[in-house]
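Worksheet: the structure to be examined is printed underneath.
By convention in this document, chain letters (A, B, ...) are assigned in the order of the sequence lines, proteins followed by strands, and residues within each chain are numbered from 1. Keep in mind that what you see is a predicted model, and the values were worked out from it rather than measured.
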Number of protein chains: 2
Amino acid sequence: MTLARIAGELGVSAMTVSNAYNRPDRLSGALRERIFETADRLGYNGPDPVGRSLRRQRTDVVGVLYSNPLSYAFDDPAAVSFLRGLSSVTEGADLGLLLVPAASGASGGRDPRAAAQAAVDGFVVYSMSDEEPLLTAALGRGLPTVVVDQPARQGVPFVGVDDEGAASEAAGHLLELGHEGFGVVSFALSPDGREGIADPGRQEGAAFQVSRSRLRGYRSAVEAAGLPWSGVSVFECPGSAATLGHRAAGALLSSKRRPTAILSTSDQLALGVLAAAEELGLSVPEDLSVVGFDDVSPGAVPPLTTVRQDHEEKGSLAGRMLVSLLRGEDVPEPRRLPTRLVVRGSTAPPRWPVPAS
Amino acid sequence: MTLARIAGELGVSAMTVSNAYNRPDRLSGALRERIFETADRLGYNGPDPVGRSLRRQRTDVVGVLYSNPLSYAFDDPAAVSFLRGLSSVTEGADLGLLLVPAASGASGGRDPRAAAQAAVDGFVVYSMSDEEPLLTAALGRGLPTVVVDQPARQGVPFVGVDDEGAASEAAGHLLELGHEGFGVVSFALSPDGREGIADPGRQEGAAFQVSRSRLRGYRSAVEAAGLPWSGVSVFECPGSAATLGHRAAGALLSSKRRPTAILSTSDQLALGVLAAAEELGLSVPEDLSVVGFDDVSPGAVPPLTTVRQDHEEKGSLAGRMLVSLLRGEDVPEPRRLPTRLVVRGSTAPPRWPVPAS
DNA sequence: CTGAAAGCGCTAACAT
DNA sequence: ATGTTAGCGCTTTCAG
């Protein structure tokens, strides 16, 4: 069933039928009624969305690009909150939200063709590595695009937080408590799946801007306190599952110079650290202080000291930016939302105050 | 930039350029290379998805229809798990997942036009009331459609659980413990936003199949034990937020004949019941037993006795059904996934065993 | 291995 | 208030 068939049936032009659906004011109410009746009778459901999109050159759909298999997004509380914020804005603007399927290749990167094949008016890109081909492909489409979290790029609308500042504040908190022996559990520095201690070269060369910034933040605080960064082991995990944090902490805590505090670049990893500590008979915060990042683990025991960020607001802001771009408004300035260090029960002074050096 | 422009530039036909992208075997490798080079140079990103969809009469996108504002889905742990399962299947089949925006009208119903305007090859409909216009509209499109949870309809592919049986088992557990005074906290029976005690007429006339079935299950177990259903107050909440369960339990627990056990049609509501009990100085399970439904509240205190269902598998099965429909395979039989009563710490025998009547 | 013709279903722009 | 024309960008079908 098509517009034309309905038109033929009634002896009117296709245009008139189109108008019945799109421009009620451009035809008489009576005719409009007759058209709807006929449509109903013949089982016509209104203008075909694809034909309409082709003609109008818009789809009224926003594409979401995710750096991992889509289903992981629904495992990550931060991503879920983000999507909540984003979807409430897009739905408010009557835009669909298309979760773009990008099968992961052997190298772990996501298939860049996915971006080319998505029938959308714009993209929201969630947390990708600097050179992710999928991101390049999306940007190549020339559609309005907002990048969230990473990578921040000149001229590309962006929403994120001040990762470096927030990380520095987190480390500063531990320093103030008197800690001097630190370990860091970080999620991926690069998408190559490496797991283990990352030397400063790898830290600085990280392909994930957020990882790089948080490490820099930790480092600047540590060095500002007069402690050498070389004394801090950074354990890189190839993802952010709690089990990875568990392994990482296992390694850090069984090293010769066991840290009295562990900084973790995500709450999920921190949860793993907590588990590892318990397994080793270390109590938190007495024997070990732990700081997370994100504040998405309300149920942690003990309650996690962490950096709070508003993931929902991030999604909502990204959505508002994209909507304004779709309306043809000016390219919005990059935005960094505030974070806040939330001190809870997982941090305390080290058990034996270390003598000042 | 279009196919034709690239073709013109190289002096080949549009068809050949199309083949370069879609049928590599149908042209020489050398020509293919030249085409890609030119495309690159001119900033052509491959065939336009909309033009292609119009011609091929498929979009490679699956639409998700939700009975509430989309953003609510990301608040509901059951829906999130469901989407995880669904997205992993659709992504595996290289299909996009479109969250269809259906602005809610004044009556609370969702705009049925949304279904007509979605450029998709099929729908997954998540948990709707019997006569939801949005569902009718979707079915009217004549596209492959799988309904999840409700409403089960003749001839429409369906995935759900045996709500009645599961509810009956939940009530049976309490009866075995010796309870005789029950209250029920239910989510909506109809989409009219009513809050308060629902009489048996309203219970049987409920527009939500799942609510109806669960109530029937509770009822059959209670009556099988020789107790009158008229003695059981059913409090209907206009949603399933914990605060609603809180209010409902407040009402039930302050009635003259305070129940010793509360059956709740969702975990979220049960969480509210727990909160209300605490507020009233009743301890669970000593003074009050509470049973949930869904098993999505791992952090509850005390741990919730509940009916477990595998939401992720539900999504994955719905996805597999839809994919098989899209492949033109036969309409799959309706499926009811198993549930399991998980007894935890929120249920116990009533404090003072009630004398047998 | 390459191409010509046709048309998927719709609506903007311009008549009348 | 209604109609005509044209074409959005692509790929199926059929021919070479």
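Between B:N19 atom CG and C:dG3 atom P there is a gap of 10 Å when expressed in whole angstrom units. Atom CZ of A:R26 and atom C1' of C:dA15 are 12 Å apart (whole Å). To the nearest angstrom, C1' of C:dG3 lies 14 Å from CZ of B:R23. One can place CD1 of A:I6 at 14 Å from C1' of C:dC10, the figure rounded to the nearest angstrom. A straight line from OH of A:Y21 to C1' of C:dC10 spans 13 Å, rounded to a whole angstrom. Atoms CZ (A:R56) and P (C:dC8) sit 21 Å apart, rounded to a whole Å. Taking atom CD on A:Q57 and atom P on C:dA13, their separation rounds to 12 Å, with Å as the unit. Going from atom CG of A:L54 over to atom C1' of C:dC10 covers 8 Å, rounded to whole Å.
B:S13 has a side-chain polar atom (N or O) that falls below the 4.0 Å cut-off from OP1 or OP2 of C:dG3. Residue B:T16 places at least one side-chain N or O under 4.0 Å from the OP1 or OP2 atom of C:dG3. Contact between the side-chain N/O atoms of A:S18 and the OP1/OP2 oxygens of C:dT11 is found at a separation under 4.0 Å.
Distance CG/B:D149 to OG/B:S127: 5.0 Å, rounded to 0.5 Å.
Think of the region where chain B sits on DNA chain D: with heavy atoms and a 4.0 Å cut, that region ends 5' and 3' at D:dG9 to D:dT12.
Taking 4.0 Å as the cut-off between side-chain N and carboxylate O, A:R23 and A:D25 do not count as a salt-bridged pair. A salt bridge does not link A:E313 with A:R335: none of the charged nitrogens is closer than 4.0 Å to a carboxylate oxygen. Looking at B:R110 and A:E91, a side-chain N of the basic residue comes within less than 4.0 Å of a carboxylate O on the acidic one, giving a salt bridge. With respect to A:R153 and A:D130, no salt bridge is recorded, no charged nitrogen being found less than 4.0 Å from a carboxylate O.
The backbone N or O of B:E312 sits nowhere less than 3.5 Å from a side-chain atom of B:S316 that would complete a donor-acceptor pair.
For the pair B:G51 and B:D25, both in contact range of DNA chain C, the more 5′-proximal nearest nucleotide belongs to B:D25. The nearest heavy atom of DNA chain D to B:R55 and to A:L27 marks one nucleotide each, and the one closer to the 5' end goes with A:L27.
Within 4.0 Å of A:V50, counting heavy atoms only, lies no atom of the nucleic acid at all.
Aromatic ring centres of B:F36 and B:Y21 lie closer together than 6.0 Å.
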